[in-house]
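This report refers to the structure that appears directly beneath it.
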Amino acid sequence: MNKKYFAVIVGAGPAGSYLAYKLARNNMPVALIDKKIFPRYKTCGGGISAKATKLLLDAEIDFSNLVQDRIKKVIFTKNCLGPVPVTFEQPIIEMVMRDEFDDHLRQHAVSAGADFYPESTFLQQENTKDGLLIKTSGKAISTIYLVGADGANSQVAKSMGQPVKRRKGFAVECELESTRQAQYKGTVILDHGHIDEGYGWVFPKKNHLSVGIGSFSPKQKNYRQHLERFLTSLNLPHEKKLTRGHLIPTPSQKKVFLHKDYALLVGDAAGLVDPMTGEGVYYALKSAELAAEALMKNKLSSYSDSVNSLLMPELRQAKRVAKILYTAPAAVHSLIQKNHNLAKNLAEVVYGGESYRNLFKGLATQIVKIPWSNISPD
Ligand SMILES: Cc1cc2nc3c(=O)[nH]c(=O)nc-3n(C[C@H](O)[C@H](O)[C@H](O)COP(=O)(O)OP(=O)(O)OC[C@H]3O[C@@H](n4cnc5c(N)ncnc54)[C@H](O)[C@@H]3O)c2cc1C
């Protein structure tokens, strides 16, 4: 007879693997399924913020052997001009390759006791008299609970009738070998102005640069052209490169409902991505942690409640700051050129060292003082 699981988790990205790890460590029988064979490539800047690193270390997951670079300096630019550097004593972001990072988390889940099924695409869920039957492209699996950790195009969310609305932005990135690699060591560039409602970035890795551009606006188009222009402005030669893109889902409701019957959604499947920075790994991990607590209490509604009380307030504040920054990038850039504390605060929200609420206050009070007529139109 087939084994019956406590939970089937669809998707072995950070959200799914970390949730499987948490449940398996508590002796819950867990199946982690993914449509891909691992390790698998994942389109991502691979920036792991200090708050995400802390969460993993607290859970006894050390990924220091995978770190490609440690970031102590953020440089803000506006259309690649007017650099505003902010430096830190300690690393604020660790750079990884997501294929290695995700596989590391998946291996922790398996070592803790989770069963991993690769090349198993989730197809549908069916109610049975004593639980759920999860149909996949491989075998059918019996379970009490189903978790959608299957990313921005979540099929589990569809099977639940899309309980959460997500605003879908998009980002493209490429990985470049560059003779100017050394210049970027320990430093990230965050550039505003090249694209509406978004930004461009340069993230250093061990042997290459990860350069990308993204927007939170569902209306934005022509991403590859924007990336080409960004690379040209950076003066980075770019004949041989592979450009890949992926959706960035952010919350579009004040309050979210992420559970229905015996299923719930975590990470990108739940739309839990920071609408100012696009950081999703921390929210994938944190939502997985909250989901594990709710599942072990057999009370899925407490998961939506926890997300609404612990994650949504900060994401809403991030949206307010994003509105100022992306409506008037030139004005904000001119402000941070003059006000180093504000520049520091802007860098600090990227890794979780400052709250968006304080940054919003700082920006909102300063921005009314700007002589708008002196600022070139964005
Ligand atoms: C260009 C770009 C750059 C980014 N840079 C950063 C960054 O630097 N730092 C950061 O914190 N965030 C970044 N993000 C966001 C981050 O990548 C995501 O938020 C994060 O990967 C979400 O994790 P997840 O586990 O929810 O989903 P994912 O990592 O997307 O994992 C989902 C998994 O589900 C599997 N899957 C999908 N459908 C099915 C199915 N039907 N059946 C079975 N398996 C399925 C997939 O194969 C995949 O392994 C970036 C995003 C983009 C697009």
Side-chain angles (χ1 to χ4, degrees), residues 8-20 31-53 55 71 93-99 101-103 105-106 116-125 134-138 146-159 166 168-175 188 190 198-203 205 210-216 223 227 243-250 265-274 277-288 291 350-352:
V8 169
I9 301 168
V10 182
S17 290
Y18 187 57
L19 175 57
L32 178 64
I33 74 170
D34 202 288
K35 62 183 180 186
K36 297 271 173 66
I37 296 176
F38 271 58
R40 55 95 180 92
Y41 186 84
K42 166 78 185 132
T43 304
C44 182
I48 308 299
S49 66
K51 62 182 173 181
T53 301
L55 188 148
I71 305 304
I93 305 170
E94 321 236 68
M95 289 295 161
V96 298
M97 291 305 293
R98 282 288 302 278
D99 53 348
F101 178 78
D102 290 13
D103 199 43
L105 296 182
R106 184 197 64 80
F116 178 59
Y117 298 94
E119 290 187 285
S120 299
T121 302
F122 168 83
L123 299 175
Q124 64 185 68
Q125 50 166 318
I134 308 306
K135 299 251 176 95
T136 78
S137 56
L146 168 67
V147 177
D150 48 343
N153 284 315
S154 174
Q155 294 304 310
V156 176
K158 279 186 196 139
S159 81
R166 297 167 302 159
K168 288 187 180 169
F170 196 79
V172 291
E173 59 134 23
C174 62
E175 289 174 5
V188 298
L190 300 178
Y199 68 96
W201 70 85
V202 183
F203 284 1
K205 302 289 167 67
S210 169
V211 185
I213 197 159
S215 167
F216 299 102
Y223 280 89
L227 182 61
T243 306
R244 306 187 213 220
H246 199 73
L247 289 170
I248 302 210
T250 53
L265 301 169
V266 289
D268 275 17
L272 296 172
V273 175
D274 182 312
T277 61
E279 176 182 14
V281 172
Y282 169 76
Y283 292 96
L285 299 171
K286 189 67 198 175
S287 60
V350 172
Y351 74 91

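Please read these numbers as outputs of a predicted model, since none were measured by experiment. First listed ligand is number 1; within each ligand, the first listed atom is number 1.
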Original post:
Which residue holds the protein heavy atom closest to atom 53 (C) of ligand 1, what is that atom called, and what is the gap in Å?
Top reply: H246 CB, 3.5 Å
**OP:** Can you see which heavy atom on W201 is nearest to which on G214, and at what distance?
**Re:** CZ3-N, 3.9 Å
Original post:
Below 3.5 angstrom, do we get any N/O pair linking K35 and ligand 1?
Top reply: yes
**OP:** Give the residue and atom name of whichever protein heavy atom lies nearest to atom 35 (C) of ligand 1, and the separation in Å to one decimal.
**Re:** D34 OD2, 3.2 Å
**OP:** Name the option, out of V350, I33, I248, T250, that contains the heavy atom nearest to atom 51 (C) of ligand 1.
**Re:** I248
Original post:
How far is atom 31 (O) of ligand 1 from its nearest protein heavy atom, and which residue and atom is that?
Top reply: G13 CA, 3.6 Å
Subject >> Close N or O approach (G47, ligand 1; < 3.5 Å) >> reply: yes
**OP:** State which residues pass salt bridge (Lys or Arg N to Asp or Glu O under 4.0 Å) with K205; sequence neighbours excluded, sorted by chain then number.
**Re:** none
Original post:
Is it true that a side-chain atom of S137 and a backbone atom of T121 form a donor plus acceptor pair closer than 3.5 Å?
Top reply: yes
Subject >> Contacts of type salt bridge (Lys or Arg N to Asp or Glu O under 4.0 Å), residue R40, not counting sequence neighbours >> reply: D102
**OP:** Under the ring-ring contact (aromatic ring centres under 6.0 Å, His included) rule, what do F170 and F216 come out as? Steps first, then yes or no, please.
**Re:** CA-CA 7 Å; F170 196 79; F216 299 102; over 10 Å; no
Original post:
Can an N or O of R40 be found at a distance shorter than 3.5 Å from an N or O of ligand 1?
Top reply: yes
**OP:** Indicate, as side chain, backbone, both or neither, the part of A149 found under 4.0 angstrom from ligand 1 when only non-hydrogen atoms are considered.
**Re:** backbone
Original post:
Hey, mind stepping through S159 and Q124 against side-chain hydrogen bond (donor to acceptor under 3.5 Å, both in side chains) and telling me if it holds?
Top reply: CA-CA 6 Å; S159 81; Q124 64 185 68; over 6 Å; no
**OP:** For G278, take its heavy atoms, then give the atoms of ligand 1 lying under 4.0 Å from any of them.
**Re:** 12 (N), 13 (C), 14 (N), 15 (C)
**OP:** List every atom of ligand 1 that sits less than 4.0 Å from any heavy atom of G267, numbering the atoms from 1 in the order shown and giving each element.
**Re:** 26 (O)
**OP:** State whether the side chain of D34 and the backbone N or O of P118 hold a donor-acceptor pair below 3.5 Å, judged by distance alone.
**Re:** no
**OP:** With heavy atoms of K36 as the reference, note each atom of ligand 1 found under 4.0 Å away.
**Re:** 47 (O)
Original post:
Of all the non-hydrogen atoms in the protein, which one sits nearest to atom 42 (N) of ligand 1, and at what distance?
Top reply: F122 N, 2.9 Å
Subject >> contact_flag F203 ligand 1 heavy-atom lt 4.0 Å >> reply: yes
Original post:
At under 4.0 Å between heavy atoms, which part of A52 makes contact with ligand 1: side chain, backbone, both or neither?
Top reply: neither
**OP:** Look at atom 10 (C) of ligand 1 and say which protein heavy atom is nearest, naming residue and atom and giving the distance to 0.1 Å.
**Re:** G280 N, 3.4 Å
Original post:
Of the non-hydrogen atoms in T250 and V273, which two are nearest, and what is the gap between them?
Top reply: CG2-O, 3.5 Å
**OP:** Considering heavy atoms of the protein only, find what lies nearest to atom 16 (C) of ligand 1 and give residue, atom and distance to 0.1 Å.
**Re:** R98 NH1, 3.8 Å
Original post:
Between D268 (side chain) and G271 (backbone), is there a donor-acceptor pair under 3.5 Å?
Top reply: no
Original post:
So which of I48, D150, I9, L105 gets nearest to atom 37 (C) of ligand 1, if we judge by its closest heavy atom?
Top reply: D150
Original post:
Among protein heavy atoms, which lies nearest atom 4 (C) of ligand 1, and at what distance?
Top reply: G45 N, 3.3 Å
Subject >> Nearest heavy-atom neighbours spanning A149 and V266 >> reply: CB-CG2, 3.6 Å
Original post:
Between R98 and Y41, is NZ or CZ placed under 6.0 angstrom from the six-membered ring centre and within 45° of the ring axis?
Top reply: no
**OP:** For S210 and E173, run side-chain hydrogen bond (donor to acceptor under 3.5 Å, both in side chains): C-alpha distance rounded to whole Å, both residues' side-chain angles, the deciding distance at 0.1 Å, then the answer.
**Re:** CA-CA 7 Å; S210 169; E173 59 134 23; 2.8 Å; yes
Original post:
Could an N or O of ligand 1 be found under 3.5 Å from any N or O of D268, whether backbone or side chain?
Top reply: yes
**OP:** Run the numbers for me: atoms of ligand 1, each under 4.0 Å from some heavy atom of A171, listed by number.
**Re:** 1 (C)
Subject >> Test item, G212 contacting ligand 1 (heavy atom, 4.0 angstrom) >> reply: no
Original post:
What's the shortest distance from atom 34 (O) of ligand 1 to any protein heavy atom, and which residue and atom give it?
Top reply: G11 CA, 3.2 Å
**OP:** Can you sort out which atoms of ligand 1 are near S120, meaning under 4.0 Å from one of its heavy atoms?
**Re:** 42 (N), 43 (C)
Original post:
Between V281 and ligand 1, is there a nitrogen or oxygen pair with a distance under 3.5 Å?
Top reply: yes
Original post:
Taking all atoms of both residues into account, what is the closest heavy-atom pair of K36 and F116, and its distance?
Top reply: O-CZ, 4.5 Å
**OP:** Output, in order, the C-alpha distance, side-chain angles, deciding distance and verdict of side-chain contact (heavy atoms from CB on, under 4.5 Å) for F122 and V156.
**Re:** CA-CA 8 Å; F122 168 83; V156 176; 3.9 Å; yes
Original post:
Under 3.5 Å, is there a donor-acceptor pair between the side chain of S287 and the main chain of A284?
Top reply: yes
Original post:
Which heavy atom in A288 sits nearest to a heavy atom in A15, and how many Å separate them?
Top reply: CB-O, 3.4 Å
Subject >> Where ligand 1 meets K42 - atom numbers and elements under 4.0 angstrom, heavy-atom basis >> reply: 17 (O), 21 (O), 29 (O), 30 (O)
Subject >> Heavy-atom pair with the smallest gap, counting every atom of M95 and G47 >> reply: SD-CA, 3.9 Å
**OP:** Just jot down the ligand 1 atoms closer than 4.0 angstrom to any heavy atom of Q155, in number order.
**Re:** 41 (N)
Original post:
So, does P14 sit close enough to ligand 1 that a heavy atom of it is under 4.0 Å from the ligand?
Top reply: yes
Subject >> Any S17 heavy atom less than 4.0 Å from ligand 1 >> reply: no
**OP:** Tell me which part of A284 gets within contact of ligand 1: side chain, backbone, both or neither, using heavy atoms under 4.0 Å.
**Re:** side chain
Original post:
Mind checking whether V10 has an N or O less than 3.5 Å away from an N or O of ligand 1?
Top reply: no
